[in-house]
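Here is how names work: the chains are called A, B, and so on, in the same order as the sequence lines, proteins then strands, and each is numbered from 1.
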Amino acid sequence: MGEGFPQIQVRSVKHALNVTREQDFAAWYQAVISEADLAEESGVRGCMVIRPWGYGIWERMQKLLDAEIKATGHENCYFPLFIPLSFFEKEAEHVDGFAKEMAVVTHHRLIQKDGRLVPDPEAKLEEPLVVRPTSETVIGAAFSRWVQSWRDLPVLINQWANVVRWEMRTRMFLRTSEFLWQEGHTAHATPEEAREETLKMLEVYRSFAEDCLAMPVIAGEKPENERFPGAVSTYSIEAMMQDGKALQAGTSHFLGTTFSSAQNIRFQNSEGQQELAHTTSWGVSTRMIGGVIMVHGDDDGLRCPPRIAPHQIVIVPMLRDTPEDEDILAYCAEITEALNAQDVFREPVRAHLDRKSAKAANKRWGWVKKGAPVIVEVGGRDLAAGNVSVLRRDRLYKADGKLDSAIMAKGDFIGGAVQLLAEIQTALHEEATAFISRNINRDVKDMEGLKAWFSAARPGWLEVQWSKPTGAALDKVVETLKGLKLTLRNVPSDAGPADGACIFTGDAAVERVLVGRAY
RNA sequence: CGGGGAGUAGCGCAGCCUGGUAGCGCAUCUGCUUUGGGAGCAGAGGGCCGGAGGUUCGAAUCCUCUCUCCCCGACCA
């Protein structure tokens, strides 16, 4: 890779962060989170405080995705945080997948003992409760009550919730012990319909990522070894971070009758016979915020796509503690109102007037780090001339390294703001698409070529032909890749046909699979 | 969970080896000067030195335990 990173490090530009992507990608990622006020440590292992700007981005994601989930016929509901242990025991594969990382509640009362609070032995729960790591089991139990007849199907529900998985190694947003997500769960009369649902929601995720997050993704089916515990088929969208690593940004599972047989989700069909329902589940989480950071961020912080930016346009008045300040603020308020009266992406524009009495330059750099798509500065001279000074966050600098601040008439800016936001959304998407495109190689045909590709500093992905081995043969492939710190990502839905030999086994290839390093 | 590193002011760090009541830069506050810009000068505020025990007349510093974070690995929808 390296294309996105100049080899010669001439920094004529003074950046807002004290570490660049090129110097140390992991440190840069953390710097963005901290400097953009997205989240911070909580003192609780693996758990984070999501700060208003970070949570605002999540709320934007929720709003946009929730509308799509509802538009595809699903209803929201809420299931309990606590799940009886016995629910998990019903499905062996599911147990295997999650048993190692579950938080367990065993007591319901504390008592004072030697000056300390300890669980009261008298208050031990008869049956321990686990904090949900995912809700297939409880929701399946509900489905078995709700579904009696073929007329009750399909059941199409979704919930926005938090889940807990006791992860060994955590990273802000990408893998935290507690995270926020939505989980959709559906039950259908036929496997065909359930598969169709699985793919429909995969497509909802794909278009949500592309259109709202400006994040190009590859949608496809996960290989057998990467399946969700209990799933018949697992599909994912995979996004490429600027260091070339893959991030699984959303998953959709066809669960077949795994959970309907474990939870007894049966219905009487039109011929009067009992049948097992076919279920699906699908989810995206706050992990996506990490994806947005690593796809769009630059050495000055986050670049937030307008559709998910809590504030799309921030107006920064340059105040000087003079009587003129009042006039400048009034002028800015007028601009803010005029912007907010317009619609962009079929929603009201979100313009924000930063009235804080801090120095204008400091406020500006604060918004640069947070990634506000458009930053408008207004000083006395602008006021006098009826102008504004406009910064586009997606391209901050001119060729000479100076800030590319455009002075324009107030009316022109207001009139063009909607189009400007649309342009920025598109520009971020195009930039990210160009990046992923030039960092996927589809021409490597042998293991030597594969090793060479991945010996680069920041390799992207390979799309290779393979024979789709299963069982022990697949394990061998996975083991080989593991030695190279690589994983099979997915089999892209739109990959071309296979016409050669399997890069791993030499057998005739049947499809194409993505290989890369992953988060 | 294994190996390594780290926790001292909001952020970044020095001090620890060779114990003696805590310092630097940026940020913050006040004043003056400046004003198309991350300003200059002067002054000020802010720290249970991650936590608990121990050694000592005295611990940021030495010892033990523990919590949290980072990196690598194992693990992982």
Rounded to the Å, how far apart are [X] [atom1] and [N] [atom2]?
X      : N     : atom1 : atom2 : answer
A:M168 : B:C75 : CE    : C1'   : 8 Å
A:Y397 : B:G38 : OH    : C1'   : 10 Å
A:E101 : B:C75 : CD    : C1'   : 9 Å
A:L319 : B:G37 : CG    : P     : 17 Å
A:R320 : B:U33 : CZ    : C1'   : 14 Å
A:M318 : B:G38 : CE    : P     : 11 Å
A:I375 : B:G38 : CD1   : C1'   : 12 Å
A:R227 : B:C76 : CZ    : P     : 16 Å

Electrostatic pair A:E203:A:R206 at N-O distance under 4.0 angstrom: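 Salt bridge flag = yes for A:R206 with A:E203.
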A:K222/A:E238 ion pair, N-O < 4.0 Å: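 Looking at A:K222 and A:E238, the cut-off is met.
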Determine which nucleotide pairs with [N], using a 3.5 Å limit on both distances of a Watson-Crick or G-U wobble pair.
N     : result
B:C48 : none
B:A74 : none
B:G7  : B:C67
B:U30 : B:A42
B:G37 : none
B:A22 : none
B:U61 : none

Under 4.0 angstrom between A:K359 side-chain N/O and B:A27 OP1 or OP2: no
Short side-chain N/O contact from A:N362 to OP1 or OP2 of B:U28, under 4.0 Å: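 Affirmative; the distance criterion is met.
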Pick the [atom1] atom in [N] and in [M], then give their distance to the nearest Å.
N     : M     : atom1 : result
B:U8  : B:A22 : C1'   : 8 Å
B:C24 : B:A14 : P     : 16 Å
B:C16 : B:A59 : C1'   : 10 Å
B:A52 : B:C57 : P     : 22 Å
B:G5  : B:G19 : P     : 23 Å
B:C62 : B:G20 : C1'   : 14 Å
B:C70 : B:C32 : P     : 45 Å
B:G37 : B:G50 : C1'   : 40 Å

Within the 6.0 Å centroid threshold, strictly below: A:H15 and A:Y397: yes
A:K485 (side chain) donor-acceptor with A:L481 (main chain) under 3.5 angstrom: no
With heavy atoms under 4.0 Å as the rule, sort [X] into base, sugar-phosphate or nothing.
X      : answer
A:S34  : nothing
A:R175 : base
A:K363 : nothing
A:E377 : nothing

Pairs touching residues 382-393 of chain A that satisfy salt bridge (Lys or Arg N to Asp or Glu O under 4.0 Å), sequence neighbours left out: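 As it turns out, the salt bridge (Lys or Arg N to Asp or Glu O under 4.0 Å) pairs with a partner in residues 382-393 of chain A, which skip direct neighbours, are A:D298-A:R393, A:R392-A:D394, A:R392-A:E423.
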Partner of A:D243 by side-chain contact (heavy atoms from CB on, under 4.5 Å), out of A:R458, A:R517, A:R21, A:E22: A:R458
Reference residue A:W160; test ring-ring contact (aromatic ring centres under 6.0 Å, His included); the match among A:F179, A:F79, A:W58: A:W58
5' priority, RNA chain B, between A:S357 and A:F98 [closest heavy atom]: A:S357
First of A:F179 and A:K369 reached from the 5' end of RNA chain B, by closest nucleotide: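 Mapping each residue to its closest nucleotide by heavy atoms, the 5'-most match is A:K369.
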Distance, nearest 0.5 Å, that separates OG of A:S236 from CD of A:E226: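 Answer rounded to 0.5 Å: 8.5 Å.
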Pairwise distance CD(A:E40) to CD1(A:I33) - rounded to 0.5 angstrom: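 Rounded to the nearest 0.5 Å, the CD-CD1 separation comes out at 11.5 Å.
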Pairwise N/O distances under 3.5 Å, protein to nucleotides 69-72 of chain B:
from: B:C69; atom 1: OP1; to: A:G46; atom 2: N; distance (Å): 2.7
from: B:C69; atom 1: O2'; to: A:E41; atom 2: OE2; distance (Å): 3.4
from: B:C72; atom 1: OP2; to: A:R169; atom 2: NH2; distance (Å): 2.2

side-chain hydrogen bond (donor to acceptor under 3.5 Å, both in side chains) assessment of A:W466 paired with A:E511: CA-CA 6 Å; A:W466 78 327; A:E511 61 187 16; 3.1 Å; yes
